[in-house]
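Here is how names work: the chains are called A, B, and so on, in the same order as the sequence lines, proteins then strands, and each is numbered from 1. Side chains included, hydrogens not; waters and symmetry mates left out as well; all remaining heavy atoms used.
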Amino acid sequence: MLDIKFIRENAELVKDGARKKRINVDIDRLLELDEDRRRLMKDSEQLKAEKNSASQAIAKLNGDEKKEAIAKMQTVSAKVKELDAELEGILDEFDSLMLQVPNPPDEEVPEGADDNDNMEIRTWGTIPEFDFEPLDHVELGEKLDILDIPRGVKLAGTRSYILKNEGVFLEYAVLMYALNQMRTLGFGPMIVPHLVKETAMIGTAYFPGGEEQAYSCERDGLYLIGTAEVPVTSYHYDEILEEKDLPKHYCGISPCYRREAGTYGKDTKGLYRIHQFQKVEQVVICKNDPEESAKQHEFITSNSESLVKALGLPHRVVLVCGGDLGQPQKKKYDIECWMPSRKAYGETHSSSKFYDFQARRLKLRYRDSEGNIQYCHTLNNTFVATPRILISILECNQQKDGSVVIPESLRPYMAGIEVIEPKN
RNA sequence: GGAGAGGUGUCCGAGCUGGCCGAAGGAGCACGACUGGAAAUCGUGUACUGGCAUCCCCAGUCGUGGGUUCGAAUCCCACCCUCUCCGCCA
């Protein structure tokens with residue numbers, strides 16, 4: 001959510017931002033409603049002021065005088081009610097429009113319609129070439145007896161899977177390695193609720209709009225998180241922090257649940273797009289300052305780059321174009337790791353900068369050095385998400401004999417396993 | 001699942017027989033005094049949101065939404081949330 005004042009004073013910028021993001025929202029209508037709203041508020045408030053001072057006086061009156069004054073006030077009250085009713089009608093439309101206005105993207109965000117127009121910023125590593133016919137991760141998983149998709153589907157439907165044997169160790173090794181790195185980078189880890197209230201979903205700007213993507217537990221009014229970003233960013237919901245305590249660096253580790261509604265037929269093979277995965281997520285809460293936000297954004301992005309480097313995975317960083325940005329983001333980098341079976345880079349990380357867009361909804365504020373209340377800025381980035389990252393790890397590290405060599409950095413967490421040998 | 005208690009400012013906590021209550025008191029924080037410096041002590045200030053182009057003033061907010069009233073933190077109704085005890089259970 002943006003500040004209406006900001007929209008009023010930067011109408012063209014906001015309109016242009018919406019255009020760049022390919023989001024349709026009637027800013028002119030919003031501004032029109034804003035004017036009506038302020039006019040009605042002013043009128044109503046003036047009457048209320050009259051009423052307030054009159055009722056003070058009434059307390060001191062007696063008899064007929066009092067009766068007269070009361071009668072007079074009743075007509076004023078009626079008028080106030082009329083104005084407020086009119087105001088309420090306007091506010092409904094005003095509020096819903098406000099929730100739809102997208103955060104205008106940064107200047108350097110490229111124009112574009114979808115992920116094909118994302119801009120490659122840098123690449124790392126050399127794309128592996130095999131002197132044998134490489135397998136994809138599904139075939140590898142079966143041969144190594146670490147992945148069983150058919151039985152996962154049997155139990156839980158499409159986009160389900162079962163990791164087993166060394167696959168389990170590999171997944172937890174990735175997570176434990178990530179947690180370890182997070183610690184040295186100064187991020188405080190959190191295990192958070194996986195079921196959250198609607199306020200957290202709205203506060204982080206997943207709702208309204210993303211309801212279809214979330215699993216909901218109707219009976220309890222709770223939603224399964226699609227990322228730890230939701231509970232971790234909401235951690236300080238409705239709080240006023242002290243500037244000296246910022247920035248806050250947190251990381252959440254959690255399973256993530258996504259319905260993937262509307263993606264039928266897309267990425268149907270293997271572990272790329274699934275309903276349930278695990279993730280270590282970086283979250284930053286910092287002060288209201290574009291420079292600081294930009295600095296933190298580069299920081300969390302480079303953190304993840306160093307992780308995939310340590311795993312030895314060839315990857316690239318792309319700057320996400322306007323049309324591929326969500327409503328709340330100011331700017332977003334994706335990190336994409338090489339996935340041999342796709343013969344392409346596949347998104348493994350998503351690094352987002354929000355400014356105060358989420359913080360406004362979350363009532364997440366801080367007191368600055370002058371004692372003024374400010375909305376915080378928030379950012380987040382995947383640190384590692386598995387099993388998607390396993391696609392790269394397995395496929396890039398496969399050997400001619402069908403075995404997979406575990407990256408050096410993961411071995412301390414692998415219970416002594418250095419190579420996963422084929423069983424089938 | 002059964003029974004009860006409660007939701008007030010950055011935090012804790014009074015008020016709840018309706019009227020200078022946006023709210024006592026304490027903690028915290030800020031500034032000042034004291035000090036070589038600090039602690040302690042003393043003094044002053046300190047809720048949020050919005051309107052106003054913002055020092056002043058005005059409106060709203062004591063879980064949320066309605067209602068009663070000239071006037072509600074205080075009375076009534078509905079909903080949400082939290083806690084305690086019992087039961088069940090990892």
Side-chain angles (χ1 to χ4, degrees), chain A residues 1-11 30-92 94-99 101 191 193-203 207 216-223 231 234-246 248 285 287-288 356-357 359-376:
Chain A
M1 180 142 53
L2 295 174
D3 187 356
I4 180 61
K5 241 184 209 163
F6 177 85
I7 299 175
R8 213 183 291 146
E9 286 160 14
N10 303 278
L30 178 68
L31 292 173
E32 204 178 292
L33 288 167
D34 175 46
E35 244 173 73
D36 291 347
R37 163 185 153 269
R38 283 188 294 159
R39 179 176 47 77
L40 284 168
M41 273 170 76
K42 225 171 177 177
D43 292 351
S44 162
E45 281 177 15
Q46 206 168 339
L47 284 180
K48 279 177 192 158
E50 244 174 74
K51 235 180 91 183
N52 286 346
S53 63
S55 67
Q56 295 272 5
I58 285 172
K60 295 178 187 107
L61 296 177
N62 285 306
D64 285 348
E65 257 185 320
K66 187 164 189 167
K67 271 186 196 159
E68 236 173 80
I70 288 175
K72 201 172 151 196
M73 273 308 97
Q74 277 167 333
T75 66
V76 176
S77 289
K79 221 181 272 176
V80 169
K81 257 190 189 159
E82 254 175 61
L83 284 174
D84 285 352
E86 200 182 333
L87 182 63
E88 208 176 320
I90 285 175
L91 279 179
D92 282 346
F94 177 80
D95 290 342
S96 91
L97 271 174
M98 279 298 282
L99 282 176
V101 179
I191 292 174
H194 306 155
L195 281 162
V196 299
K197 294 191 218 161
E198 196 183 23
T199 47
M201 298 301 286
I202 293 175
F207 291 0
S216 75
C217 301
E218 309 273 339
R219 277 199 299 181
D220 304 292
L222 296 171
Y223 300 86
S234 303
Y235 182 68
H236 291 292
Y237 173 75
D238 198 18
E239 290 186 27
I240 299 177
L241 308 172
E242 296 294 331
E243 182 171 350
K244 66 173 162 55
D245 297 328
L246 300 178
K248 300 258 189 201
I285 298 168
K287 65 179 179 180
N288 195 322
D356 59 4
F357 198 86
R360 282 180 183 280
R361 297 178 173 217
L362 286 168
K363 294 182 253 180
L364 170 50
R365 296 151 294 170
Y366 69 98
R367 206 178 298 279
D368 69 18
S369 49
E370 268 135 49
N372 297 315
I373 306 289
Q374 307 273 4
Y375 283 103
C376 299

Peer 1: Are the side chain of A:Asn10 and the backbone of A:Phe6 linked by a donor-acceptor contact shorter than 3.5 Å?
Peer 2: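 Yes, the answer is positive, given that a donor and an acceptor are paired below the 3.5 Å cut-off.
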Peer 1: With a non-hydrogen cut-off below 4.0 angstrom, is A:Leu241 in contact with a base, only sugar-phosphate, or nothing?
Peer 2: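 Nothing, no nucleic acid heavy atom in range.
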Peer 1: Once you apply a heavy-atom cut-off of 4.0 Å, does A:Lys244 come out as touching a base, just sugar-phosphate, or nothing?
Peer 2: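 Contact class for A:Lys244: none.
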Peer 1: Any carboxylate oxygen within less than 4.0 angstrom of a Lys/Arg side-chain nitrogen, looking at A:Asp84 and A:Lys81?
Peer 2: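 No.
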Peer 1: Rounding to the closest angstrom, what is the interatomic distance between B:G22 and B:G50 at atom C1'?
Peer 2: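 After rounding to an integer number of Å, I get 16 Å for this pair.
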Peer 1: Taking only the side-chain nitrogens and oxygens of A:Lys72, find out if one of them lies under 4.0 Å from OP1 or OP2 of B:C70.
Peer 2: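 For A:Lys72, the contact criterion (side-chain N or O under 4.0 Å from OP1 or OP2 of B:C70) is not met.
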Peer 1: For A:Asp238, which residues count as a side-chain hydrogen bond (donor to acceptor under 3.5 Å, both in side chains) partner, sequence neighbours excluded?
Peer 2: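 So A:Asp238 forms a side-chain hydrogen bond (donor to acceptor under 3.5 Å, both in side chains) with A:Arg365.
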Peer 1: Going by the rule side chain to side chain contact (heavy atoms under 4.5 Å, CB included), which residues pair with A:Lys287 if we only count those two or more places apart in sequence or in a different chain?
Peer 2: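 Partners of A:Lys287 under the side chain to side chain contact (heavy atoms under 4.5 Å, CB included) test: A:Glu243, A:Leu246, A:Asp289, A:Glu292, A:Tyr366.
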Peer 1: Kindly indicate whether the side chain of A:Ile7, heavy atoms from C-beta on, has any atom under 4.5 Å from the side chain of A:Met98.
Peer 2: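 Heavy-atom side-chain distance check passes, below 4.5 Å.
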Peer 1: Quick one: on RNA chain B, does A:Asp3 or A:Asp220 contact a more 5' nucleotide (nearest heavy atom)?
Peer 2: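 That would be A:Asp3.
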Peer 1: Are side-chain heavy atoms of A:Cys217 and A:Leu195 found at a separation under 4.5 Å?
Peer 2: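 When only atoms from C-beta onward are counted, A:Leu195 and A:Cys217 do touch, with a gap below 4.5 Å.
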Peer 1: Can you find a pair of side-chain heavy atoms, one from A:Leu364 and one from A:Tyr237, that are under 4.5 Å apart?
Peer 2: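 No. Closest side-chain heavy atoms not under 4.5 Å.
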Peer 1: Pull out every residue in residues 52-59 of chain A that has a heavy atom closer than 4.0 Å to any atom of RNA chain B, ordered by number, or say none.
Peer 2: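 Under 4.0 Å from RNA chain B: A:Asn52, A:Ser55, A:Ile58, A:Ala59.
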Peer 1: So A:Asp95 and A:Leu99, do their side chains get closer than 4.5 Å, heavy atoms only?
Peer 2: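 No, every pair of side-chain atoms sits at 4.5 Å or beyond.
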Peer 1: Would you say A:Arg367 and A:Asn372 make side-chain contact, with heavy atoms under 4.5 Å?
Peer 2: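 In short, these two side chains do not touch, never coming nearer than 4.5 Å.
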Peer 1: For B:G9 versus B:A5, give the span between their C1' atoms, rounded off to a whole number of Å.
Peer 2: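 Rounded to whole Å, the distance is 23 Å.
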Peer 1: Taking the same atom, C1', in B:C12 and in B:A24, what whole-Å distance lies between them?
Peer 2: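 Here B:C12 and B:A24 have their C1' atoms 14 Å from each other.
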Peer 1: Any chance you could encode RNA chain B as dot-bracket? Rule is Watson-Crick or G-U wobble with both distances under 3.5 Å; [ ] for pairs crossing earlier ones, | for another strand.
Peer 2: ((((((((.[[[..)...(.....]]]((((((.......))))))(((((.....))))).[[[[[..)....]]]]])))))))....
Peer 1: Side chains of A:Val196 and A:Leu222, heavy atoms from C-beta outward: is any pair under 4.5 Å?
Peer 2: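 The answer is no; the side chains never approach within 4.5 Å.
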Peer 1: Please list, chain by chain and in numerical order, all residues satisfying ring-ring contact (aromatic ring centres under 6.0 Å, His included) with A:Tyr375, sequence neighbours excluded.
Peer 2: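 For A:Tyr375 there are no ring-ring contact (aromatic ring centres under 6.0 Å, His included) partners, ignoring immediate neighbours.
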Peer 1: List in numerical order all residues of residues 35-44 of chain A for which some heavy atom is under 4.0 Å away from an atom belonging to RNA chain B.
Peer 2: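 The stretch gives A:Arg38, A:Met41 as the residues lying under 4.0 Å from the strand, ordered by number.
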Peer 1: Does A:Arg367 have a side-chain nitrogen or oxygen under 4.0 Å from the phosphate oxygens OP1 or OP2 of B:C48?
Peer 2: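 Looking at the OP1 and OP2 atoms of B:C48, one of them is under 4.0 Å from a side-chain N or O of A:Arg367.
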Peer 1: Check whether any side-chain nitrogen or oxygen of A:Arg8 sits under 4.0 Å from OP1 or OP2 of B:G51, and answer yes or no.
Peer 2: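 Looking at the OP1 and OP2 atoms of B:G51, one of them is under 4.0 Å from a side-chain N or O of A:Arg8.
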Peer 1: Which sits closer to the 5' end of RNA chain B, A:Ala49 or A:Ile240, going by the nucleotide each is nearest to?
Peer 2: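 On the 5' side of the pair lies A:Ile240.
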